[in-house]
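Heads up, the thing below is written out as structure tokens.
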Amino acid sequence: MRYSEMFLPTGREIPSDAELISHQLMIRAGMIRKLTGGIYSYLPFGYRAIRKVEQIIREEMDRAGAQEVFLPMVQPAELWQESGRWVHYGKELLRFRDRHEREYCLGPTHEEVITDLVRHEIKTYRQLPRNLYQIQTKFRDEIRPRFGVMRCREFGMKDAYSFDADEAGAEISYQKMFEAYKRIFTRCGLNFRPVEADSGAIGGSFSHEFMVIADSGEDAIVFCGACHYAANLEKAEVAKPDQPENTDPPLPIEEIHTPGVKTIEEVCAFLRVKPGEVVKTLIFSADGVAVAVLIRGDQEVNEVKVKNHLGCESLELAPDDLILAATGSPRGFAGAVGIKTRIIADYSLLGMTRCIMGANREDYHLRHVKPGRDFQVEAHADLRVIRETDPCPRCGGAIHLARSIEVGHVFKLGTKYSKAMKALYLDATGREQTMIMGCYGIGIGRTVAAAIEANHDSDGIVWPLPLAPYQVIITPVNVNEKSLSETANRIYDTLKDKGVEVILDDRDERAGVKFKDADLIGIPLRITVGPKKLAEGKVEIMSRRSKEVIDLPIDAVEAFVLSKISEGM
RNA sequence: CGGGGCGUAGCGCAGCCCGGUAGCGCGCCUGCUUUGGGAGCAGGAUGUCGCAGGUUCAAAUCCUGCCGCCCCGACCA
């Protein structure tokens, strides 16, 4: 493409409303423009990058035996009522009515639609397994869209759904997708890591997230330096401690006046003790019912673990009125002694022989409380957030924490949707069975953003070759000099004939402007046609990533470029 | 939804306290010079100052309401 004819509005100024580097660069490199909150237009340059990712995904999905479909974005309410998610999905589901007052939603995901399709068409085990995927725009009415294309309301997603006759088959389908995902993200040039994840409201027994390590990521992950264990922070298990640590002899319980002392820090300062000697009593509202969760004062509760342990639909820290009703005191003085709610405790309480906790009475705490003697716990469980100082739950090795961007997620769904929506088949013995499902998503725009987040320098984007919207840019330093212009055109035609994706920067701009733009938009190879080298019959080829420049005779350019491209640079 | 910030030319911003002719840089247009890392000179175009009310002789500026955007939190497949 001739640059002079391209719709590629680049910018020098950093957009004021973009925080992330990838977001800033996508705007500056003319890839995206915002239409409204969380909704973006992709310009030609950005859309080419999107299509590169899509193409890689298509090839790997097809290779793994999945077949592409295209499903509607507008979906009828009835389907969602059937799965139960019309009620449970919440406000992220954008609902609306048509002229006949019938209710619809914009698809945030397509389990219902695909399950409906498959249940009507697949009747026998002979038609299983099947894996269908699509690349579609999804809409989720996010409370707070942010980070540009990273977390927006309208976004492109690949979603695949597998249907199997039994668990063993479902496991194979899952593994196939897992392998396909590894190939996809490897081909995208991303440094990623699959981690165990909580399956959340989507349900199912098991899931992995594919994470790209990046400081700007929204997610925190944990991984072991010694073994292969890796998990989302909210999923990461904490090993059950073997031995009681505290051997202090028990003492009689004692009430102490602690006026206005509420937080762990305040208690520690006031009583001159360490957080590890205090027990936090957090009152949660689990589906509206108060539950007390106990944890050592130096630890943090992992709400996902609490939610999973309780098996509740919703979990949040209790509002003040519920705390008052449950403990008889205002926030800040809750304790386990004498409380009427369910009590569950983190493993960190095991072996404590005495501790300090709230007295369920305003301005009072208790000391020398002995768990088991002064209160009973319904269960001890792993309820806390793992820390970098904790051992790996698998091998005991040292673990590390990192920020990361979730680009893909694979789930074993089990029968959550097939059961609710009656996706049944007849097995070899003629008995009716429920299909076992899996679902597998990739955020396309987010993958591109993550690639930029991980591949840029102070001059702009540094595209990994497989995602680069163009592979080569030819820069004649002065288009008004006929020899330069002609040489550039000749190289351009040659490369184009060979199928190379190439830009000819034929703009009547100063060389500096062209170089800056070429760097900004991150084209992997730049061929500079200038007067000095041309006098020797040569041009310069610069690698965007390494900034290394080599001189080549004009005749050798084609072979060089083709070999660079075929070796993936 | 709670807290904070911001809406002035295509982009980045000043002006607002203390009311009185709407500005700067970049970009854009024209001409000349220049031509290997965002050129120089000269000339030029561009604004319902987010919207709606109010106060005032007079509002970008003060007051009220609304809308939009950004950040933090809550929330979240």
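Naming convention: chains lettered A, B, ... in sequence-line order (proteins, then strands); numbering from 1 in each chain.
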Practice task
Could you give the distance separating B:G50 and B:U8 at their P atoms, to the nearest angstrom?
Solution key: 6 Å

Exercise for the section: Kindly compute the distance separating CD1 (A:Ile405) from CZ (A:Phe192), expressed to the nearest 0.5 Å. Expected result: 14.5 Å

Practice task
Can you check whether any acceptor in the base of B:G25 is under 3.5 Å from a donor in the side chain of A:Glu13, or vice versa?
Solution key: yes

Exercise for the section: Between B:C18 and B:C62, how far apart are the P atoms? Round to whole Å, please. Expected result: 9 Å

Exercise for the section: Report yes if at least one side-chain N or O of A:Arg144 is closer than 4.0 Å to OP1 or OP2 of B:C72; otherwise report no. Expected result: yes

Fill in the blank from the handout: Using Watson-Crick geometry (N1-N3 plus N6-O4 or O6-N4) or G-U wobble (N1-O2, O6-N3), each under 3.5 Å, B:G12 is paired with B:C24

Exercise for the section: Give the rounded distance in Å between these two atoms: CG of A:Asp517 and P of B:A39. Expected result: 11 Å

Fill in the blank from the handout: Re B:G37: Watson-Crick or G-U wobble partner, both distances kept under 3.5 Å, found to be none

Completion exercise
From CG of A:Leu20 across to C1' of B:C71 the rounded distance in Å is 12 Å

Exercise for the section: Taking only the side-chain heavy atoms of A:Met542 (C-beta and beyond), determine which of B:C71, B:A39, B:G37 contains the nearest atom. Expected result: B:G37

Fill in the blank from the handout: Nearest-nucleotide check on RNA chain B, A:Glu406 vs A:Val529; residue mapping nearer the 5' end is A:Val529

Practice task
Using the C1' atom as the reference point in each nucleotide, state the distance between B:G27 and B:G44 in Å, no decimals.
Solution key: 14 Å

Practice task
In plain terms, say whether A:Asp164 and A:Arg130 are close enough for a salt bridge, that is, a side-chain N and a carboxylate O under 4.0 Å apart.
Solution key: no

Completion exercise
Any strand, both distances under 3.5 Å, Watson-Crick or G-U wobble: B:G43 pairs with B:C29

Exercise for the section: Starting at atom CG of A:Asp457, determine the distance to atom P of B:G37, rounded to an integer number of angstrom. Expected result: 18 Å

Fill in the blank from the handout: By nearest-heavy-atom nucleotide on RNA chain B, the more 5' of A:Asp519 and A:Glu19 is A:Asp519

Exercise for the section: With C1' as the reference atom in both, quote the distance from B:C26 to B:A14 in angstrom, rounded to an integer. Expected result: 15 Å

Handout entry: Atom C1', compared across B:U56 and B:G20: separation rounded to whole Å
Key = 12 Å

Exercise for the section: Name the nucleic acid region contacted by A:Pro9, choosing base, sugar-phosphate or nothing; use a 4.0 angstrom heavy-atom cut-off, strictly under. Expected result: nothing

Practice task
Give one of base, sugar-phosphate or nothing for A:Glu209, where a contact means two heavy atoms less than 4.0 Å apart.
Solution key: nothing

Problem - Distance between C1' atoms of B:U48 and B:A59 (Å, rounded) - result: 15 Å

Handout entry: Spacing between A:Glu303 atom CD and B:A74 atom C1', to the nearest angstrom
Key = 11 Å

Exercise for the section: Evaluate the ring planes of A:Tyr89 and A:Trp80, with Trp represented by its six-membered ring, and classify them as parallel (under 30°), tilted (30 to 60°) or perpendicular (over 60°). Expected result: perpendicular

Problem - Under 4.0 angstrom between A:Ser16 side-chain N/O and B:G12 OP1 or OP2 - result: yes

Problem - base_contact_polar (B:C76 base, A:Arg151 side chain, donor-acceptor, <3.5 Å) - result: yes

Exercise for the section: Using both distances under 3.5 Å as the test, list the Watson-Crick or G-U wobble partner of B:C75, or none. Expected result: none

Handout entry: Carboxylate-amine/guanidinium proximity below 4.0 Å for A:Arg507 and A:Asp517
Key = yes

Practice task
Using distance alone, with no hydrogens and no angle criterion, decide if A:Tyr440 and A:Ser162 have a side-chain donor and acceptor under 3.5 Å apart.
Solution key: yes

Produce the list of close N/O pairs, under 3.5 Å, pairing protein atoms with atoms of nucleotides 65-69 of chain B; give distances to one decimal.
| unit_1 | atom_1 | unit_2 | atom_2 | d |
| --- | --- | --- | --- | --- |
| B:C69 | OP1 | A:Thr36 | OG1 | 3.4 |
| B:C69 | OP1 | A:Gly37 | N | 2.9 |
| B:C69 | O3' | A:Lys34 | NZ | 2.8 |

Problem - Validation row, ring centre A:His110 to ring centre A:Tyr161 under 6.0 Å - result: no

Problem - Nearest-Å distance for atom pair CZ/P, residues A:Arg28 and B:G27 - result: 14 Å

Fill in the blank from the handout: Closest heavy-atom pair, A:Leu520 versus A:Arg28, reported as atoms and distance to 0.1 Å, is CD2-O, 3.4 Å

Handout entry: Side-chain donor/acceptor contact of A:Arg507 with base of B:G38 under 3.5 Å
Key = no

Handout entry: Protein-nucleotide distance (A:Ile143, atom CD1; B:C70, atom P), rounded to Å
Key = 15 Å

Problem - B:C66 to B:G10 separation - C1' atoms, rounded to the nearest Å - result: 27 Å

Exercise for the section: Mind checking A:Arg33 for me? I need base, sugar-phosphate or nothing, with any heavy atom below 4.0 Å counting as a touch. Expected result: nothing

Problem - Atom CD of A:Glu548: over 12 foreign heavy atoms under 6.0 Å - result: no

Exercise for the section: For the side chain of A:Leu520, starting at C-beta, report the closest nucleotide among B:G38, B:G36, B:C76. Expected result: B:G38

Handout entry: G-U wobble or Watson-Crick pairing nucleotide for B:G68 (cut-off 3.5 Å, both distances)
Key = B:C6

Exercise for the section: Give none if B:C49 has no partner; otherwise give the nucleotide forming a Watson-Crick or G-U wobble pair with it, both distances under 3.5 Å. Expected result: none

Handout entry: Length of the line joining A:Leu8:CG and B:G38:P, which is rounded to integer Å
Key = 20 Å

Exercise for the section: Compare all side-chain heavy atoms of A:Cys105 with those of A:Gln75 and state whether any distance is below 4.5 angstrom. Expected result: yes

Problem - Same-atom distance (P) from B:C17 to B:U21, integer angstrom - result: 13 Å

Could I get a table of every N or O pair under 3.5 Å where one atom is in the protein and the other is in nucleotides 28-35 of chain B?
| unit_1 | atom_1 | unit_2 | atom_2 | d |
| --- | --- | --- | --- | --- |
| B:U34 | O2 | A:Arg510 | NH1 | 2.9 |
| B:U35 | O2' | A:Asn478 | ND2 | 3.4 |

Practice task
Could you state the atom-to-atom distance from NZ of A:Lys532 to P of B:G36 in whole Å?
Solution key: 7 Å

Problem - A:Arg12 vs B:C11: side-chain N/O to OP1/OP2 distance below 4.0 Å - result: no

Practice task
For the residue pair A:Ser404 and A:Asp219, confirm or rule out a side-chain donor-acceptor distance under 3.5 Å.
Solution key: no

Handout entry: Side-chain H-bond candidate by donor/acceptor type, A:Arg510 with A:Asn478, under 3.5 Å
Key = no

Exercise for the section: Find the partner of B:C62: check Watson-Crick (N1-N3 plus N6-O4 or O6-N4) and G-U wobble (N1-O2, O6-N3) distances, both under 3.5 Å, and reply none if neither fits. Expected result: B:G54

Problem - Ring center gap for A:Phe210 and A:His208 short of 6.0 angstrom - result: no

Practice task
Hey, can you tell me if A:His409 and A:Phe411 have their rings parallel, tilted or perpendicular (30° and 60° cut-offs)?
Solution key: parallel

